[in-house]
Amino acid sequence: MPELPEAESFRRYLDSNSIKRRIEAVEVHDERVLGNASKEKMIYALKGHQIDHTVRHGKYVGAELDSSQVLVLHFGMTGSVKFFNKNDTPPRFATMQLNFEDGHCLAFTCIRILCRVFLSESMKEFIEWKKLGPDALDGLSMDLFKELISRRTGRIKAVLMDQHFLAGIGNIYADEILFRSGIHPMRTADSISEGEIASLFNNIGDVLGKAVDEGADWERFPDDYLLTVRGPMGRCPSCGTRLEMVRVSGRSSYYCPYHQFLGRVHSIDPPSHRMIF
DNA sequence: CGTGGCTCCTGGCGGC
DNA sequence: TGCCGCCAGGAGCCAC
């Protein structure tokens with residue numbers, strides 16, 4: 001589930017505790033997380049070096065080393081990072097761990113092994129290698145968004161989640177962005193009007209920006225957000241209609257059938273005012 | 001170019 | 001109480 005806001009939180013976490021500490025040892029507990037380098041290569045690249053600064057592109061966090069190489073983290077669904085003291089109990093599900101000279105450690109944890117660590121010569125090179133689209137929050141202009149979307153014909157939700165199109169949006173935030181834009185997830189990109197494109201663009205910035213500002217902590221999200229009630233029992237925060245679910249590119253997609261409709265007109269009646277929330 | 005289906009992966013949950 | 005089977009979903013891959 002880590003999408004752009006969660007990745008940004010992890011980047012800030014790394015930035016506040018793991019930079020400028022020399023790496024004394026590297027422990028690889030599960031080699032399946034190694035994305036493009038062998039265990040030996042990974043250890044060689046990290047040992048004796050330190051993280052100078054951190055960057056993020058989409059859902060990827062880069063830890064730039066003093067060697068000018070970059071350690072890139074991708075969190076999959078359940079990935080996280082945990083900074084701790086070597087005398088403390090190490091976190092569960094640590095797949096890789098950096099032990100710093102000063103006695104602190106940084107663990108890259110992952111319950112399902114869907115997360116990956118990569119080694120790259122630079123973040124720029126990594127982005128090109130992965131063919132990632134522009135970051136959904138950083139440097140995306142309305143003109144660029146409009147141009148990118150005009151080349152697509154697939155389902156709008158699939159397009160939003162396509163990391164080659166825009167980097168950073170996953171299943172959950174895509175549902176939120178579509179909800180706030182009043183667009184049904186099954187709509188095709190070429191059916192989206194100019195006004196809807198503007199709405200989508202603004203909601204991408206608003207939703208991801210708000211989530212980043214709140215530290216990706218759902219407890220602090222506004223009451224009118226869909227994602228906090230997203231599920232088969234959920235009701236539209238605006239009108240109380242029971243949410244419906246469709247699958248778009250294999251992902252469950254929750255939407256309000258009253259606010260997000262496929263055709264030109266509503267397919268369902270407006271919600272009753274007597275509806276119990 | 002697009003889509004659906006499969007794969008990886010395992011904790012958690014519903015059903016019996 | 002226990003176990004089976006399914007679900008969650010980010011991303012890559014493949015067939016069509």
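Below, chain A is the first sequence line, B the second, and so on; all start at residue 1.
- Between the CG atom of A:L34 and the P atom of B:dC9 there is a distance of 13 Å, rounded to whole Å.
- Heavy atoms of A:R92 sit nowhere under 4.0 angstrom from any nucleic acid atom.
- With DNA chain C read from its 5' end, the first of the two nearest nucleotides for A:K130 and A:R230 is the one closest to A:R230.
- Using a 4.0 Å heavy-atom distance criterion, A:G250 is classed as making no nucleic acid contact.
- Distance from the side chain of A:A158 is smallest to B:dT3 among B:dC9, B:dT3, C:dA8.
- Computed from coordinates, the A:M161 CE to B:dG4 C1' distance equals 13 Å when rounded to whole Å.
- One atom, CE of A:M233, and another, P of B:dG14, lie 11 Å apart when rounded to the nearest Å.
- For A:D52 and A:K20, the salt-bridge test passes: some basic side-chain N is under 4.0 Å from an acidic carboxylate O.
- For A:Y60 and A:H74, the distance between ring centers is under 6.0 angstrom.
- C:dG10 atom P lies 10 Å from atom CG of A:D175, rounded to whole Å.
- For C:dA8, its base sits under 3.5 Å from the side chain of A:R112 at one donor and acceptor pair at least.
- In this structure, A:M77 and A:H164 both approach DNA chain C, and ranking their closest nucleotides by distance from the 5' end singles out A:M77.
- Separating the CD1 atom of A:I149 from the P atom of B:dG2 is a distance of 12 Å, rounded to the nearest angstrom.
- Within the 4.0 Å cut-off from OP1 or OP2 of C:dG10, not a single side-chain nitrogen or oxygen of A:Q163 is found.
- Salt-bridge formation is not detected for the pair A:K59/A:E6: no Lys NZ or Arg NE/NH1/NH2 atom is positioned less than 4.0 Å from an Asp or Glu carboxylate oxygen.
- A:S252 comes within 4.0 angstrom of sugar-phosphate atoms only, judged by non-hydrogen atoms across all strands, and of no base.
- At B:dG4, one or more side-chain N or O atoms of A:R155 fall inside 4.0 Å of OP1 or OP2 (strictly under the cut-off).
- Classification of A:D175 and A:K157 as a salt-bridged pair holds, one side-chain N sitting under 4.0 Å from a carboxylate O.
- The side chain of A:T153 places an N or O atom within less than 4.0 Å of a non-bridging phosphate oxygen (OP1 or OP2) of B:dG2.
- Remark: the A:R251 side chain and the C:dG10 base include a donor-acceptor N/O pair separated by less than 3.5 Å.
- Side-chain proximity of A:Y60 to C:dA11, C:dG10, C:dG9: nearest is C:dA11.
- In this entry the distance linking CD1 of A:I111 with P of B:dC13 reads 12 Å, nearest Å.
- Rounded to a whole Å, the OH atom of A:Y173 is 15 Å from the C1' atom of C:dG9.
- Mapping A:R151 and A:R116 onto DNA chain B via the closest heavy atom, the residue that lands nearer the 5' end is A:R151.
- The existence of a salt bridge linking A:R180 and A:D206 is excluded, since no basic side-chain nitrogen approaches an acidic carboxylate oxygen closer than 4.0 Å.
- One atom, CZ of A:R32, and another, C1' of C:dA11, lie 17 Å apart when rounded to the nearest Å.
- Using a cut-off of 4.0 Å between Lys/Arg side-chain N and Asp/Glu carboxylate O, A:D135 and A:R56 are scored as salt-bridged.
- Residue-level contact check: A:L114 touches the bases, meaning some heavy atom is under 4.0 Å from a base atom.
- Checking the phosphate oxygens (OP1, OP2) of C:dG10, no side-chain nitrogen or oxygen of A:H74 falls inside 4.0 Å.
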